[in-house]
Amino acid sequence: MTDMQAWEQQLQHDLTEIRRDNQRLIKASATLRGRGEVRGVIVEIDASGDITDLQIAPAAMRWSSGQLSQALIDCHQKARADAKAKAERLIDTADPRIREQLRQAREASTGPEPEHHRSRTEEEIQAADDAYFERMNRHGWRTD
């Protein structure tokens, strides 16, 4: 066997291993979920950040709209952090030959982390609601 044949066989073997690891990572990331919970409000997201489950305890329905909004935002942020940590642990198990490329691709697709949102006061929420309804009344309500 020539050196070229041995090199090609090793290359084929390496590619097979990388493909196998890639398939394992794809399957694992498809089931990856992040979860955030705040006082009876639960948000679950997938690896893309899309909400897959939302639960609101009956007691939370008595909160002000601002309190509920902030709880949802906090839950979503916690779920994102949880999903990110799980994704990092998954990437840590990847074949070292592709680990850095996975991290670079992940960073490129997610972009910079959003800035932390300040909680709105009840007055700010009411003013935003008033402005929204004023715009809708001025420009007409559409259902199409």
Side-chain angles (χ1 to χ4, degrees), residues 5-144:
Q5 287 174 325
W7 179 79
E8 285 181 0
Q9 286 178 342
Q10 183 61 46
L11 183 58
Q12 286 299 324
H13 175 73
D14 291 348
L15 287 172
T16 300
E17 285 180 349
I18 290 170
R19 285 185 183 119
R20 186 178 315 121
D21 193 49
N22 184 51
Q23 289 302 312
R24 179 188 65 81
L25 292 170
I26 288 170
K27 287 179 183 176
S29 67
T31 61
L32 189 140
R33 296 291 182 265
R35 182 180 167 103
E37 182 172 357
V38 174
R39 298 177 11 219
V41 176
I42 299 170
V43 172
E44 180 185 89
I45 63 168
D46 62 17
S48 299
D50 295 330
I51 294 175
T52 57
D53 189 27
L54 172 63
Q55 299 175 28
I56 302 174
M61 299 307 290
R62 292 188 292 271
W63 298 348
S64 71
S65 63
Q67 290 171 317
L68 184 55
S69 295
Q70 191 58 50
L72 289 167
I73 290 169
D74 291 346
C75 284
H76 190 252
Q77 288 174 340
K78 286 180 180 185
R80 284 178 47 97
D82 184 40
K84 182 177 180 179
K86 288 176 180 176
E88 283 299 320
R89 285 194 300 272
L90 182 60
I91 289 172
D92 286 343
T93 69
D95 187 300
R97 295 169 287 192
I98 60 173
R99 187 178 300 137
E100 189 57 33
Q101 287 78 13
L102 287 171
R103 286 201 169 100
Q104 289 174 4
R106 188 166 185 272
E107 288 172 12
S109 68
T110 58
E113 285 293 315
E115 293 182 26
H116 182 69
H117 297 287
R118 174 183 67 82
S119 298
R120 289 185 181 184
T121 65
E122 196 65 37
E123 293 79 23
E124 290 171 324
I125 293 168
Q126 187 63 48
D129 285 349
D130 291 345
Y132 170 78
F133 286 110
E134 179 63 31
R135 278 192 312 277
M136 295 304 288
N137 287 332
R138 197 173 326 123
H139 298 291
W141 293 81
R142 301 175 121 193
T143 59
D144 54 308

Run the numbers on C75 and I42 for side-chain contact (heavy atoms from CB on, under 4.5 Å), then give the verdict.
CA-CA 6 Å; C75 284; I42 299 170; 6.0 Å; no

Using the rule side chain to side chain contact (heavy atoms under 4.5 Å, CB included), only one of I91, D95, I98 pairs with L25; which is it?
I98

What verdict does the side-chain contact (heavy atoms from CB on, under 4.5 Å) test give for Q67 and S64, after you've listed the backbone C-alpha separation in whole Å, the side-chain angles of each residue and the deciding distance to 0.1 Å?
CA-CA 5 Å; Q67 290 171 317; S64 71; 3.2 Å; yes

Any side-chain heavy atom of I56 sitting closer than 4.5 Å to one from L68?
yes

State, with a plain yes or no, whether a side-chain heavy atom of D53 is found less than 4.5 Å away from one of Q55.
yes

For [X], check side-chain hydrogen bond (donor to acceptor under 3.5 Å, both in side chains) against everything at least two apart and list the hits.
X: K86; result: D82
X: T52; result: E44
X: D46; result: none

Would I45 and V43 count as a side-chain contact (heavy atoms from CB on, under 4.5 Å) if you check the C-alpha gap in whole Å, the side-chain angles of each, and the deciding distance to 0.1 Å?
CA-CA 7 Å; I45 63 168; V43 172; 4.1 Å; yes

When you look at V41 and W63, which way does the side-chain contact (heavy atoms from CB on, under 4.5 Å) test go after all the steps?
CA-CA 11 Å; V41 176; W63 298 348; 3.8 Å; yes

Separation between CD (Q101) and CD1 (I18), nearest 0.5 Å, reads 9.0 Å

Nearest 0.5 Å, what's the CG-CD distance between L15 and Q10?
10.0 Å

Strictly by salt bridge (charged side-chain N to carboxylate O under 4.0 Å, His left out), give each pair with a member in residues 20-29 just once, sequence neighbours left out.
D21-R24

Does any pair with a residue in residues 5-19 pass salt bridge (charged side-chain N to carboxylate O under 4.0 Å, His left out), and if so which ones, sequence neighbours excluded?
D14-R97, E17-R97

Looking at S65 and I125, what are the two nearest heavy atoms and their distance?
OG-CG2, 3.7 Å

What one should report as the nearest heavy-atom pair of S29 and L90 is N-CD2, 3.9 Å

Partner residues of D50 under the salt bridge (charged side-chain N to carboxylate O under 4.0 Å, His left out) criterion, sequence neighbours left out:
none

